[in-house]
There are 2 protein chains.
Amino acid sequence: MFSKACEYGIRALIFIAMKSSKDERVGNTAIAIAIDSPSAFTAKILQKLVKAKIIKSVKGPYGGFEISEEGLHQTKLTAIVKAIDGDAVYNRCGLGLSECSALKPCPLHDKFKAVRADLKTILDATTLKELASQLEDGTAFLKL
Amino acid sequence: MFSKACEYGIRALIFIAMKSSKDERVGNTAIAIAIDSPSAFTAKILQKLVKAKIIKSVKGPYGGFEISEEGLHQTKLTAIVKAIDGDAVYNRCGLGLSECSALKPCPLHDKFKAVRADLKTILDATTLKELASQLEDGTAFLKL
DNA sequence: TCCTTTATATGATAAAAGTCATTTTTTCTC
DNA sequence: GAGAAAAAATGACTTTTATCATATAAAGGA
């Protein structure tokens with residue numbers, strides 16, 4: 001569904017979000033351990049998210065990554081996926097046809113449109129805050 | 001959503017299905033041209049589909065690939081995707097967690113479950129016959 | 001039987017995605 | 001300021017996925 005980079009990215013963000021709601025910054029190494037991801041790769045993804053203004057990074061001692069209170073509530077999954085994977089997930093033809101469109105649809109066009117709209121609706125209705133809360137109250141997990 | 005192999009595979013099958021409903025066999029080269037795919041790669045995918053008993057191949061002159069009348073009506077997209085991509089699409093955790101389950105869910109587990117169930121329902125309700133018909137009556141296209 | 005046609009099998013190559021290692025820059029603390 | 005901590009940047013490497021090329025096997029027709 002998503003690229004690996006995107007999976008790691010979402011996981012990292014959920015973790016950062018949880019920390020940020022306790023006003024704690026968290027470094028790349030700690031993130032990688034917490035979400036069980038290769039740390040160098042994770043760093044690259046985090047940079048993308050910084051550039052997309054989804055998280056903020058602070059250099060130097062006691063530095064790390066953080067999300068503002070505003071960001072916690074306003075950042076939707078759609079934005080995250082778009083920042084990492086682009087909007088191929090939402091637009092790309094399910095059968096890989098470059099010319100596929102409403103006017104000249106592939107045989108699966110309409111069916112896929114429905115699924116995708118569904119997915120987008122869900123991603124757009126989910127904030128980081130919501131996901132982080134699940135982690136905090138133990139209803140969901142990122143790691144065994 | 002699907003791998004490229006799977007995209008090509010579905011396209012090829014729709015084309016074969018259309019030909020088979022006119023009782024015509026079609027060869028690898030013709031398929032590759034019709035669906036605009038690399039022919040050698042397509043051949044490999046077709047072999048997988050032969051092994052999965054989704055299509056039948058006939059060697060020699062006037063040979064090629066075909067689908068039985070029964071197959072046209074009974075082959076669902078779920079089976080095709082499963083034959084090529086395995087069942088990762090249906091089972092794999094959306095965040096890539098190997099331990100994700102109903103008991104120990106990732107924060108997106110339930111939301112994804114819904115989308116995926118949706119997708120599966122659609123794929124399971126779609127037969128090759130149906131898709132091929134769209135091609136025949138010009139309501140859908142595989143190529144510009 | 002031999003030649004042609006077409007599928008099958010296998011191995012090599014290319015491109016993309018993912019991972020690792022190293023260096024540079026920033027900023028805090030002393 | 002000097003040193004240490006941490007992010008940012010860069011480039012190389014590995015693995016996976018996709019693609020190409022070649023050789024083999026089967027079947028029909030002359």
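Quantities reported herein were computed from a predicted structural model and do not represent experimental measurements. Letters go in sequence order (proteins before strands), and every chain restarts at 1.
Rounded to whole angstrom, the span from the CG atom of B/Leu46 across to the P atom of C/dT6 amounts to 15 Å. The distance from atom CD of B/Gln47 to atom P of D/dT24 is 16 Å, rounded to the nearest whole Å. In this structure, B/Phe65 atom CZ and C/dT5 atom P are separated by 17 Å, rounded to whole Å. For the pair B/Asn28 CG and D/dT22 C1', the interatomic distance rounds to 15 Å; values are reported in whole Å. A/Ile45 places its CD1 atom 15 Å from the P atom of D/dA9, with the value rounded to the nearest Å. The distance between atom CG of A/Asp85 and atom P of C/dA16, rounded to the nearest whole Å, is 16 Å. Between the OH atom of A/Tyr8 and the P atom of C/dA17 there is a distance of 15 Å, rounded to whole Å. Taking atom NZ on B/Lys56 and atom P on D/dA27, their separation rounds to 11 Å, with Å as the unit.
Formation of a donor-acceptor pair under 3.5 Å by the A/Thr139 side chain with backbone atoms of A/Gln134 is found in this model.
Toward the 5′ end of DNA chain C lies the nearest nucleotide of B/Lys59, the other residue of the pair A/Phe41 and B/Lys59 mapping further downstream. Of the residues near DNA chain D, A/Tyr62 and A/Lys44, the one whose nearest nucleotide (by heavy atom distance) lies more toward the 5' end is A/Tyr62.
The side chain of A/Ala5 has C/dG18 as its nearest neighbour among C/dG18, C/dT19, D/dA18.
Using a 4.5 Å heavy-atom threshold, the side chains of A/Asp36 and B/Leu97 count as separate. In this structure, A/Arg11 and A/Lys143 have side chains that are not in contact, with every pair of non-hydrogen atoms separated by 4.5 Å or more.
Tracing side-chain contacts under 4.5 Å through hydrophobic residues (I, L, V, M, F, W, Y), one reaches B/Met1 starting from A/Tyr90; they form part of the same cluster.
For an aromatic pair to be called close, the ring centres must be under 6.0 Å apart, and A/Phe65 with A/Phe15 fails this.
Using a 4.0 Å cut-off, no side-chain N or O of A/Ser57 falls inside it from OP1 or OP2 of D/dA6. For the pair B/Lys51 and C/dA9, the criterion of a side-chain N or O lying under 4.0 Å from OP1 or OP2 is met.
Nucleic acid contact for B/Lys48: none, since no nucleic acid atom lies under 4.0 Å from a heavy atom of the residue.
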